[in-house]
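Have a look at the structure below before the remarks.
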Number of protein chains: 2
Amino acid sequence: MAGPAESSDWRERLRARGYRLTPQREMVLRAVEELGHATPDEVLGKVREQSAAVNISTVYRTLEVLEELGLVRHAHLSDRAPTYHSISDHEHFHLVCRNCQKVVSVDPDVLKPLTDRLEADGFVADVGHLTVFGHCTTCTPTEESS
Amino acid sequence: MAGPAESSDWRERLRARGYRLTPQREMVLRAVEELGHATPDEVLGKVREQSAAVNISTVYRTLEVLEELGLVRHAHLSDRAPTYHSISDHEHFHLVCRNCQKVVSVDPDVLKPLTDRLEADGFVADVGHLTVFGHCTTCTPTEESS
DNA sequence: ATCCCTGCAAAGCCTTTGCAAACCT
DNA sequence: AGGTTTGCAAAGGCTTTGCAGGGAT
């Protein structure tokens, strides 16, 4: 889904805002795209497959830049570290089951009734950041969730 | 809203589950009720107005117990520490504006279309834990949100 | 030649944990 | 008396920051 057109796109956008194009920034973006929903630490692991010298602080700083550019987003899917995902995936929000820990990505259409109502009351929701916790009606609990 | 009936109620529930009634637990619960939405650290501050010896680790452990008993709930209203609020407030979810940082508590009714739809698909949402980030259509940004 | 970006190391928040003393029942 | 709870102190995740060297433009 991310072809050469999009690639040059974000590199230009990077420069347009005065940022420089570095190997680290390319690697972090690619790692996020390949991993799906990944924590900064997991991103670092993926990046280090290509270059062992990259530092965790660079990953944090880069993820911040990429999010500012609208290339990635983060969501809080657990009580631990946040996860980052590429925006080239369609925008979506998340369902997280506290029993089986499963994460489901849901189309924003489902939220329309809610967002319409909130907008009528003067609030524009950030759908891409939304996470709904709860539990599946049928699921197998994992070990952690005694 | 929290009369003597409710008070004895939770004390009994505490004992019924094998927990002991301690001054710390009473003070922490009262602090949460009085503060509205408060971080563990803020709860500690309030508790220490009555007893300077109480420790932060006790606050954490107590909030966990109180939440297990269904007396308080927590929500993530910022990128920092979570906030706890009493359940004797009606159940609600939160709207947080990223411009003015205002927090609005909203009646769960507004979510009905969403939760119905999710339940039809086999997912029961934890409404009381939900926080929707976004921005007011009319609001004055605060200093922090450059 | 700039001055942005990175790696490194240290510090910072927030939270959890081990342990002995104190306390509730 | 007996097991629970607390305070204290230390450790543990995760994230941020200061700084000097290295690198993109």
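Since the model is a prediction, treat every value here as computed from it, not as a measurement. So you know, we letter chains A, B, ... as the sequences are listed, proteins then strands, and number each from 1. Side chains are part of it too, since the values below use all heavy atoms of this structure and drop only hydrogens, waters and symmetry mates.
Residue Asp41(B) contributes atom CG, which lies 16 Å from atom P of dG12(C) at whole-angstrom precision. Computed from coordinates, the Leu44(B) CG to dT6(D) C1' distance equals 13 Å when rounded to whole Å. With rounding to whole Å, Arg80(B) atom CZ is found 18 Å from dC14(D) atom P.
Looking at residues 13-28 of chain A, you'll see Tyr19(A), Arg20(A), Thr22(A), Gln24(A), Arg25(A) sit with a heavy atom under 4.0 Å from some atom of DNA chain C. Near DNA chain D, meaning a heavy atom under 4.0 Å from it, residues 51-74 of chain B has Ala53(B), Val54(B), Asn55(B), Ser57(B), Thr58(B), Arg61(B) in order of number.
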List the atom pairs, with distances to 0.1 Å, where a side-chain N or O of residues 107-115 of chain B and a protein N or O form a donor-acceptor pair under 3.5 Å, not counting sequence neighbours.
residue, atom, partner, partner atom, Å
Asp107(B), OD1, Asp109(B), N, 2.8
Lys112(B), NZ, Asp116(B), OD1, 3.3
Lys112(B), NZ, Asp116(B), OD2, 3.1
Thr115(B), OG1, Leu111(B), O, 3.3
Thr115(B), OG1, Lys112(B), O, 3.1

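For residues 48-63 of chain B, every residue pair satisfying the salt bridge (charged side-chain N to carboxylate O under 4.0 Å, His left out) rule, not counting sequence neighbours, is listed here: Lys46(B)-Glu49(B).
If you look at His94(B) and His76(B), their ring centroids are not closer than 6.0 Å. Here the two rings, on His37(A) and His92(A), have centers that are under 6.0 Å apart.
Atom CZ of Arg80(A) is surrounded by 12 or fewer heavy atoms from other residues, nucleotides or ligands within 6.0 Å.
No continuous path of hydrophobic side-chain contacts links Val72(B) to Phe133(A) [ILVMFWY only; heavy atoms under 4.5 Å].
The shortest side-chain heavy-atom distance between Leu66(A) and Thr62(A) falls under the 4.5 Å cut-off. Counting heavy atoms from C-beta on, the side chains of Phe93(B) and Thr131(B) never come closer than 4.5 Å.
Remark: Asp41(B) pairs with no residue by the salt bridge (Lys or Arg N to Asp or Glu O under 4.0 Å) rule, at least two apart or across chains.
Between Glu42(B) and Tyr84(B), the side chains place no donor N or O within less than 3.5 Å of an acceptor N or O (distance only, hydrogens not considered).
Between the two ends of the helix from dA1(C)-dT25(D) to dT25(C)-dA1(D), each summarised by a five-pair axis, the helix axis turns through 40° (rounded to 10 degrees).
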